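As the structure lists them, so they are numbered: ligands from 1, and atoms in each ligand from 1. Count residues from 1 along the sequence. In this text, all values refer to a predicted model and were calculated from it rather than measured experimentally.
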Amino acid sequence: MSMPDLKEIIEKSKRICFFGGAGVSTESGIPDFRSGDGIYSEEYGELSPEVILSHTFFISHPDVFYRFYREKIIYTGAKPNGAHRALAELERRGALNAVVTQNIDGLHQAAGSNNVIELHGSVYRNYCMECGRKYGLSHVMKADGVPLCENCGGLVRPDVVLYEEPLDDEVVARAVQSIQAADTLIIGGTSLAVYPAAGLIRHFCGDNLAVINKSPTYADRIATLVIHDSIAKALSNAVLP
Ligand code: NAD
């Protein structure tokens, strides 16, 4: 489908909700999990990212977890791309009510979006598992090995949802509300393979469903518009001057 179709949909929409994932940030230099050159295609010894990024593994091997986390998950120099900027611009114009993201990289906020619903948390928030003291990302990055609490010596963990852990009820409720209230849902840069996050799109009951993803997703067959191309290109062509 051609770009004017997306532009047309966006221009007639009053309450757009965006639902996205790791593919939104690949053009900022952060690899996703499931593309050919994503993290899942690499090896970390015998361990898959899904194992390393699980609650059980974090508790039993925090040292290996943090080595992987610093090497493969955190990209402190990453900057927002055209997709993040276009979504921030739509919010500024009053046409977009929320960005619901599975990403933990903070790039939507860096681009200027205010209503960002982070289903899987954020690498910028960390806390001590013993006393609850809060830490920024720098505490995790500068630690030699496992970051510990300066207050009580407890293990500091990222405020991100690890595999085996449930999503936060209040965050899910906000996401469902934004998806339900939308007249247009744009799904982008997500394989829709990670549940329960991917299941939230079933709450959409508006007019237009646009999917922008390099590879096919299960939502393609119910979409009004499907674009199998770069999300930064598609969104910036449709929104930015
Ligand atoms: P995923 O890796 O399963 O899927 C990414 C999808 O994006 C793929 O279908 C791919 O074809 C598509 N894609 C990649 N680059 C694209 C581009 N430039 N334009 C359009 N489409 C593109 O990602 P997911 O569905 O978000 O699930 C992975 C899980 O991993 C999520 O839970 C997420 O929290 C986490 N994760 C987050 C980050 C991040 O914060 N940036 C990075 C990696 C993984």
Side-chain angles (χ1 to χ4, degrees), residues 1 3 6 18-42 44 48-55 65 68-87 99-111 113 116-125 137 140 158-168 171-172 175 186-201 210-220 223 225-238:
M1 296 261 183
M3 295 311 156
L6 180 62
F18 178 79
F19 182 92
V24 175
S25 295
T26 53
E27 290 166 84
S28 296
I30 305 179
D32 64 9
F33 279 3
R34 289 175 186 80
S35 288
D37 53 357
I39 296 175
Y40 271 73
S41 59
E42 294 178 19
Y44 208 76
S48 74
E50 215 153 6
V51 169
I52 300 176
L53 298 173
S54 70
H55 180 85
F65 172 94
F68 178 86
Y69 186 76
R70 290 193 197 97
E71 275 174 24
K72 307 279 187 192
I73 303 293
I74 308 288
Y75 290 81
T76 45
K79 301 271 184 300
N81 64 50
H84 302 102
R85 286 196 297 275
L87 293 165
V99 168
V100 179
T101 183
Q102 299 164 85
N103 292 349
I104 55 177
D105 57 29
L107 289 182
H108 286 293
Q109 291 91 332
S113 285
V116 183
I117 301 171
E118 296 174 309
L119 293 170
H120 293 159
S122 170
V123 300
Y124 289 99
R125 296 188 299 270
L137 180 59
V140 167
D159 188 5
V160 303
V161 179
L162 300 176
Y163 288 98
E164 305 167 346
E165 292 178 341
L167 302 187
D168 183 283
V171 174
V172 170
I186 305 175
I187 298 174
T190 172
S191 62
L192 294 177
V194 176
Y195 281 80
L200 295 178
I201 64 164
V211 177
I212 312 165
N213 204 62
K214 281 192 174 166
S215 52
T217 72
Y218 85 79
D220 291 9
L225 171 70
V226 179
I227 300 174
H228 287 158
D229 200 351
S230 145
I231 188 160
K233 189 170 96 186
L235 280 176
S236 43
N237 282 350

* With a 4.5 Å heavy-atom cut-off, do L119 and V171 have their side chains touching? -> yes

* Structure fact -> Candidates Q102, K214, K233; heavy atom nearest atom 34 (O) of ligand 1 found on Q102

* Asked: After noting the C-alpha distance and the side-chain angles of I30 and L107, does the key distance pass the side chain to side chain contact (heavy atoms under 4.5 Å, CB included) rule?
  -> CA-CA 11 Å; I30 305 179; L107 289 182; 3.9 Å; yes

* Do L6 and L235 come close enough that some side-chain heavy atom pair is under 4.5 Å? -> yes

* Closest contact, heavy atoms only, N213 versus T190 -> OD1-N, 2.9 Å

* Can G189 be said to touch ligand 1, with heavy atoms closer than 4.0 Å? -> yes

* Asked: Within the structure, does V194 bring an N/O atom to less than 3.5 angstrom of an N/O atom in ligand 1?
  -> no

* Structure fact -> For S215, the atoms of ligand 1 under 4.0 Å from one of its heavy atoms are 8 (C), 9 (O), 10 (C), 11 (O)

* Asked: Which pair of heavy atoms, one from F19 and one from Q102, lies closest together, and at what distance?
  -> CE2-NE2, 3.6 Å

* Asked: Side chains of Y218 and I201: does their closest heavy-atom pair fall under 4.5 Å?
  -> yes

* To do: Would you please say whether a donor-acceptor pair under 3.5 Å links the side chains of H108 and N103?
  => no

* Would you tell me which option among A78, A234, G23 has the nearest heavy-atom contact to atom 17 (C) of ligand 1? => G23

* ligand 1 atoms in contact with S230 (distance to a heavy atom under 4.0 Å) -> 19 (N)

* To do: Determine whether the side chain, the backbone, both or neither of I231 has a heavy atom under 4.0 Å from any heavy atom of ligand 1.
  => both

* Asked: N/O to N/O below 3.5 Å, does that happen between I30 and ligand 1?
  -> no

* Structure fact -> If you compare H228, E118, E27 by their heavy atoms, the one closest to atom 18 (N) of ligand 1 turns out to be E27

* What distance do L137 atom CG and R125 atom CZ have between them, rounded to the nearest 0.5 Å? -> 12.0 Å

* Asked: Quick check: does Y163 get an N/O under 3.5 Å from an N/O on ligand 1?
  -> no

* Asked: Do any heavy atoms of P31 fall under 4.0 Å from ligand 1?
  -> yes

* Determine whether any heavy atom of D229 lies closer than 4.0 Å to an atom of ligand 1. => yes

* Without swapping roles, check the side chain of N81 against the backbone of S25 for a donor-acceptor pair under 3.5 Å. => no

* Of the listed options D32, N103, I227, closest to atom 37 (C) of ligand 1 (non-hydrogen atoms) -> N103

* **ligand 1 atoms in contact with S25 (distance to a heavy atom under 4.0 Å)** => 41 (N)

* **Contact (N/O only, under 3.5 Å) between G21 and ligand 1** => no

